[in-house]
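Nothing here was measured: the structure is a model prediction, and the numbers come from that model.
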Amino acid sequence: VASLPGDHPYKLVAPTVEQSVTTLITLAPTAGPTTYGDSVTFTATVDPVPTGGTVQFKNGGNSLGTPVAVDTGTGVATYTTSTLGATTHAITAEYSGSQNYGSSTTAASISQVVNKAGLTVTAQYLLRLVNTANPDPLPYLITGFKNGQTPGTSGVTGTPALGTTAVLASPVGDYPITCAVGDLAASNYNFTSFVGATLTVVDGFVAVTNPSFEAGTPEGVADWPGP
């Protein structure tokens, strides 16, 4: 107790300093390997349950999306994505801290395996006149892309190997078109299905009712006038 002349005695009190609460953040294992384009959800839990803050999920050293708010009732934060590439990923999480809750980082990463998705390569049906060269290259269609991708944005390179037994002098008739992988390649896709087609050689007028015939109208019917 101290006093000054003419004043009442007073007591000096040291300010109270709140201690920072040490937190621990952990990542739950996922259900297992996924396929490119499938959603996977990562779940982090902060203990003890904090009064706020965010969690930044990371793939190696790269951030996955933006920080996710921690549920102040459970200490849980989740992040869902379908864009992880086809490889093995090391996922970690970092808690930002909040008020008197300290920041923390997962002690170890969890491994997330993403397998390649499958694509289908389909040869297209063709119609030509006798003594007319086959189209070169033979047309084809690739389907099964994920995440809204197209052939131009999917990273697919190369072309399939397409062939037919029809030659310039082949008479009127149907000839098979075969389809194989050729030099197609992609980091996130495998080429798992190949569908052949038919090249039809005609002489004069013909009506075609095959709905997959390339030169057909939307109803699948085309008229080929003779020379």
Side-chain angles (χ1 to χ4, degrees), residues 18-122 140-160 181 183-195:
E18 284 194 55
Q19 296 297 314
S20 177
V21 177
T22 300
T23 62
L24 175 68
I25 182 171
T26 55
L27 274 171
T30 62
T34 58
T35 299
Y36 177 69
D38 292 346
S39 293
V40 57
T41 298
F42 300 110
T43 302
T45 302
V46 180
D47 184 48
V49 177
T51 56
T54 59
V55 170
Q56 177 65 68
F57 293 85
K58 291 193 171 186
N59 177 18
N62 301 315
S63 295
L64 290 172
T66 57
V68 180
V70 175
D71 186 322
T72 56
T74 62
V76 170
T78 61
Y79 176 78
T80 300
T81 181
S82 63
T83 60
L84 291 178
T87 187
T88 300
H89 302 271
I91 307 300
T92 58
E94 298 177 355
Y95 171 58
S96 66
S98 176
Q99 296 179 353
N100 63 320
Y101 287 84
S103 61
S104 55
T105 301
T106 47
S109 63
I110 62 170
S111 180
Q112 181 61 43
V113 175
V114 179
N115 297 315
K116 291 185 176 185
L119 294 177
T120 296
V121 184
T122 304
Y140 62 92
L141 182 68
I142 300 178
T143 56
F145 295 108
K146 305 295 183 179
N147 294 320
Q149 292 176 338
T150 65
T153 62
S154 64
V156 171
T157 61
T159 56
V181 68
D183 61 357
L184 288 170
S187 59
N188 292 320
Y189 296 100
N190 283 321
F191 301 90
T192 55
S193 181
F194 299 90
V195 182

When rounded to the nearest 0.5 angstrom, what is the spacing between CZ in F145 and CG in N188?
11.5 Å
Report the distance from atom NE2 of H89 to atom CG of L84, rounding to the nearest 0.5 Å.
4.5 Å
State, yes or no, whether a side-chain contact exists between V40 and T81 at a heavy-atom distance under 4.5 Å.
yes
I'd like to know if the side chain of S63 reaches the main chain of G65, judged simply by a donor and an acceptor atom lying under 3.5 Å from each other, with no hydrogens or angles considered.
no
Of all residues at least two apart in sequence or in a different chain, which pass the side-chain hydrogen bond (donor to acceptor under 3.5 Å, both in side chains) check with T106?
none
Restricting to side chain to side chain contact (heavy atoms under 4.5 Å, CB included), what partner residues turn up for T66, sequence neighbours left out?
none
Among residues at least two apart in sequence or on other chains, which ones pass salt bridge (charged side-chain N to carboxylate O under 4.0 Å, His left out) with K116?
none
Given side chains that start at C-beta, do those of L24 and S104 come closer than 4.5 Å, heavy atoms only?
no
Do V121 and T143 have side chains that approach each other closer than 4.5 Å (heavy atoms only, starting at C-beta)?
no
Do you know the tightest heavy-atom contact between A44 and L27?
CB-CD2, 3.9 Å
For L184 and Y189, run side-chain contact (heavy atoms from CB on, under 4.5 Å): C-alpha distance rounded to whole Å, both residues' side-chain angles, the deciding distance at 0.1 Å, then the answer.
CA-CA 10 Å; L184 288 170; Y189 296 100; over 6 Å; no
Which pair of heavy atoms, one from V70 and one from P50, lies closest together, and at what distance?
CG1-CG, 3.9 Å
Begin with the C-alpha distance, continue with both residues' side-chain angles, and end with the deciding distance and a verdict on side-chain contact (heavy atoms from CB on, under 4.5 Å) for Y140 and T122.
CA-CA 5 Å; Y140 62 92; T122 304; over 6 Å; no
In terms of heavy-atom contacts, A77 and A69 come closest through CB-O, 3.9 Å
Working to the nearest 0.5 angstrom, can you tell me the gap between L64 CG and I91 CD1?
5.0 Å
Heavy-atom distance under 4.5 Å between the side chains of S103 and T23, does that happen here?
no
Please, which pairs that meet salt bridge (charged side-chain N to carboxylate O under 4.0 Å, His left out) have at least one residue in residues 62-74, sequence neighbours excluded?
none
Who are the side chain to side chain contact (heavy atoms under 4.5 Å, CB included) partners of P67, not counting sequence neighbours?
T54, Q56
Ignoring hydrogens, what is the shortest heavy-atom contact between S111 and T88? Give both atom names and the distance.
OG-CG2, 3.2 Å
Partners of V76 by side chain to side chain contact (heavy atoms under 4.5 Å, CB included), sequence neighbours excluded?
T43, T45, T74, T78
Closest non-hydrogen atoms of I110 and A28, given as atom of the first, atom of the second and distance, are CD1-O, 3.5 Å
Residue pairs meeting salt bridge (charged side-chain N to carboxylate O under 4.0 Å, His left out), one or both in residues 48-65, sequence neighbours left out, come to K58-E94
Across all chains, not counting sequence neighbours, the side-chain hydrogen bond (donor to acceptor under 3.5 Å, both in side chains) partners of N190 are none
Selection residues 94-121 - residue pairs positive for ring-ring contact (aromatic ring centres under 6.0 Å, His included), sequence neighbours left out
none
With sequence neighbours excluded, what pairs up with S193 under the side chain to side chain contact (heavy atoms under 4.5 Å, CB included) test?
T120, V195
Test: side chain to side chain donor-acceptor pair (under 3.5 Å). Region: residues 25-40. Which pairs qualify, not counting sequence neighbours?
T30-Q112, Y36-N147, Y36-Q149
Indicate the atoms forming the closest heavy-atom contact of G102 with S20, along with that distance.
N-OG, 3.6 Å
Any pair with a residue in residues 42-52 that passes salt bridge (charged side-chain N to carboxylate O under 4.0 Å, His left out), sequence neighbours left out, goes on the list, sorted by first then second residue, please.
none
